[in-house]
Amino acid sequence: MKVDERASDDVRTQGGGETPPCAGLASCALPEAPDRVNAESSQTGVSTRNALLATDGTASEERKLACAIPSRDGRRGKAPTKPKAQREADIPHWYALRTTYGREKKAYDYMSAKGITAFYPTNNVVKVINGKRKVVTESLLPNIFFAYGTEEQLKSFVYDNVNLPFLRFYYRHVHVGGRIEKTPLIVPDSQMDSLKIICSADADNTIVSLTEVPKFEKGQLVRVIDGAFKGVVGRVARWQGQQRVAVVVDNLLTAVTAYVPSAFIEKII
């Protein structure tokens with residue numbers, strides 16, 4: 001089984017900020033006056049009382065100035081407002097993309113050339129063409145492949161009607177009240193990792209299907225810890241006479257391993 005995957009380097013940075021003075025619960029009230037002290041300094045001739053009052057007065061003015069400085073949100077003496085939570089569309093994910101008329105390879109090549117990380121599962125099969133046997137590379141998921149990025153980033157390709165007029169998001173449909181909303185289908189990273197292992201494993205009798213296999217939907221969640229499918233996390237069930245582990249991507253596909261012995265799996269509770 002052949003898997004074609006290309007990736008680009010991602011660089012992520014995070015910024016920080018400063019907290020303005022007199023922020024939060026810090027009090028802007030003047031300090032209590034010290035007790036009276038009438039003794040004079042033997043070295044300076046200045047009374048201790050006057051020295052303390054002078055120092056305290058300076059500190060008080062500094063506190064007043066600090067409290068008068070507006071914070072970043074324009075309010076005096078208040079902590080700056082926290083930035084809004086990052087939108088889901090701004091977070092990179094694996095998205096399922098679909099094409100028409102078997103042009104997933106063309107879309108995959110174009111996006112990969114533009115630096116997009118993509119996954120295009122294929123399989124080599126032997127076919128007789130013009131009386132001769134030839135090895136042909138075919139897509140395991142006709143019209144489907146996967147791309148990694150933010151929703152906004154991938155929209156620039158999905159809505160590119162000049163170069164990719166045949167490319168669209170694969171949508172999931174959700175019932176909200178009396179209407180149906182559609183959102184681009186996100187495939188969790190863990191499922192993508194397992195899908196890659198199954199597609200690239202050097203083993204016969206693996207199956208990747210766009211139809212649901214009900215047996216695996218309620219199977220025990222397990223992790224494969226040894227063998228050709230080590231690292232796969234999915235549901236275990238007996239199917240076609242053999243114990244197998246399957247990755248079920250809701251509303252899209254079921255990827256099934258070949259036979260996996262019980263000694264090679266562990267339950268996930």
Side-chain angles (χ1 to χ4, degrees), residues 3-7 10 84-108 110-112 114 116-122 139-161 164-199 206-222 232-237 239 244-257 268:
V3 177
D4 195 351
E5 180 183 8
R6 302 171 194 171
D10 291 327
K84 293 182 179 180
Q86 193 173 17
R87 295 189 309 155
E88 186 72 20
D90 297 330
I91 302 174
H93 294 291
W94 280 103
Y95 286 87
L97 302 178
R98 65 180 180 85
T99 64
T100 56
Y101 305 110
R103 288 178 285 187
E104 65 272 22
K105 179 67 164 60
K106 183 177 180 180
Y108 166 79
Y110 181 86
M111 294 178 67
S112 296
K114 297 294 184 180
I116 296 296
T117 299
F119 176 64
Y120 171 55
T122 59
S139 173
L140 279 174
L141 297 168
N143 300 322
I144 300 292
F145 72 103
F146 306 89
Y148 185 79
T150 66
E151 183 178 332
E152 293 301 319
Q153 183 182 18
L154 297 182
K155 278 181 179 179
S156 64
F157 296 95
V158 170
Y159 298 145
D160 182 356
N161 290 325
L164 300 170
F166 47 85
L167 179 67
R168 290 293 180 266
F169 281 116
Y170 193 100
Y171 289 99
R172 62 190 296 266
H173 296 83
V174 181
H175 291 270
V176 180
R179 68 182 189 279
I180 298 178
E181 292 185 354
K182 63 179 186 178
T183 57
L185 178 64
I186 294 174
V187 182
D189 290 353
S190 60
Q191 290 191 332
M192 283 300 305
D193 292 340
S194 296
L195 178 61
K196 292 175 185 177
I197 294 172
I198 293 175
C199 290
T206 58
I207 299 171
V208 180
S209 173
L210 290 175
T211 59
E212 296 180 354
V213 182
K215 267 196 171 183
F216 291 104
E217 293 180 358
K218 298 181 180 180
Q220 169 69 46
L221 185 64
V222 299
V232 169
V233 175
R235 303 281 176 179
V236 64
W239 191 55
R244 304 167 184 255
V245 177
V247 178
V248 181
V249 180
D250 292 341
N251 304 312
L252 179 60
L253 63 86
T254 303
V256 186
T257 69
I268 297 176

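Every heavy atom of this structure was used, including side-chain atoms; hydrogens, water molecules and symmetry mates were not.
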Tell me, which pairs form a salt bridge (Lys or Arg N to Asp or Glu O under 4.0 Å) where one or both residues lie in residues 141-155, sequence neighbours left out?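 Those involving residues 141-155 are Glu151-Lys155, Glu152-Lys155.
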
[X] side, atom [atom1]; [Y] side, atom [atom2] - distance, nearest 0.5 Å:
{"X": "Ile144", "Y": "Leu253", "atom1": "CD1", "atom2": "CG", "answer": "8.5 Å"}
{"X": "Asp160", "Y": "Met111", "atom1": "CG", "atom2": "CE", "answer": "10.0 Å"}
{"X": "Ile197", "Y": "Thr206", "atom1": "CD1", "atom2": "OG1", "answer": "13.0 Å"}

Strictly distance-based, threshold 3.5 Å: is any side-chain N or O of [X] a donor or acceptor partner for the main-chain N or O of [Y]?
{"X": "Ser194", "Y": "Gln191", "result": "no"}
{"X": "Tyr159", "Y": "Arg168", "result": "no"}
{"X": "Thr150", "Y": "Asp90", "result": "no"}
{"X": "Arg244", "Y": "Trp239", "result": "yes"}

Does the ring pair (Phe, Tyr, Trp, His ring centres under 6.0 Å) test come out yes or no for Tyr95 and Phe146, once each step is laid out? CA-CA 6 Å; Tyr95 286 87; Phe146 306 89; over 10 Å; no

Does the side chain of [X] reach to within under 4.5 Å of the side chain of [Y], using non-hydrogen atoms?
{"X": "Val247", "Y": "Arg235", "answer": "no"}
{"X": "Thr99", "Y": "Leu97", "answer": "no"}
{"X": "Leu221", "Y": "Val233", "answer": "yes"}
{"X": "Pro121", "Y": "Leu141", "answer": "yes"}

Heavy-atom pair with the smallest gap, counting every atom of [X] and [Y]:
{"X": "Tyr171", "Y": "Pro184", "result": "CD2-N, 3.6 Å"}
{"X": "Glu104", "Y": "Ser139", "result": "OE2-CB, 3.1 Å"}
{"X": "Thr100", "Y": "Asn143", "result": "C-OD1, 4.1 Å"}
{"X": "Ile198", "Y": "Val256", "result": "CG2-O, 3.9 Å"}
{"X": "Leu164", "Y": "Ala107", "result": "CD2-CA, 4.0 Å"}
{"X": "Ala147", "Y": "Ile116", "result": "CB-CG2, 4.1 Å"}

What's the verdict on side chain to side chain contact (heavy atoms under 4.5 Å, CB included) for Val245 and Val222, showing C-alpha distance, side-chain angles and the deciding distance? CA-CA 8 Å; Val245 177; Val222 299; 3.9 Å; yes

Using the side chain to side chain contact (heavy atoms under 4.5 Å, CB included) rule, take Leu185 and Leu252 through it: C-alpha gap first, then chi angles, then the decisive distance, then the call. CA-CA 9 Å; Leu185 178 64; Leu252 179 60; 3.8 Å; yes

Would you please classify the geometry between the Phe119 ring and the Trp94 ring as parallel, tilted or perpendicular, with 30° and 60° separating the classes?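 It falls in the perpendicular class, over 60°.
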
Heavy-atom count check: over 12 atoms from other residues, nucleotides or ligands less than 6.0 Å from Arg172 CZ?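 No, CZ of Arg172 has 12 or fewer neighbouring heavy atoms, counting only those of other groups under 6.0 Å.
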
More than 12 non-hydrogen atoms from neighbouring residues, nucleotides or ligands closer than 6.0 Å to NE2 on His173, yes or no?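 Buried by this count: over 12 neighbours within 6.0 Å.
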
Aromatic contact, Tyr120 with Phe145 (centres under 6.0 Å):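 That pair fails the under 6.0 Å test.
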
Could you pull out all residues at least two apart from Asp250 that satisfy side chain to side chain contact (heavy atoms under 4.5 Å, CB included)?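 Val248.
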
Which residues pass the side chain to side chain contact (heavy atoms under 4.5 Å, CB included) test with Glu217, sequence neighbours left out?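 If we apply the side chain to side chain contact (heavy atoms under 4.5 Å, CB included) test to Glu217, skipping adjacent residues, the hits are Glu212.
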
Let me see the working for Phe169 and Arg98 under side chain to side chain contact (heavy atoms under 4.5 Å, CB included), right down to the final yes or no. CA-CA 6 Å; Phe169 281 116; Arg98 65 180 180 85; over 6 Å; no

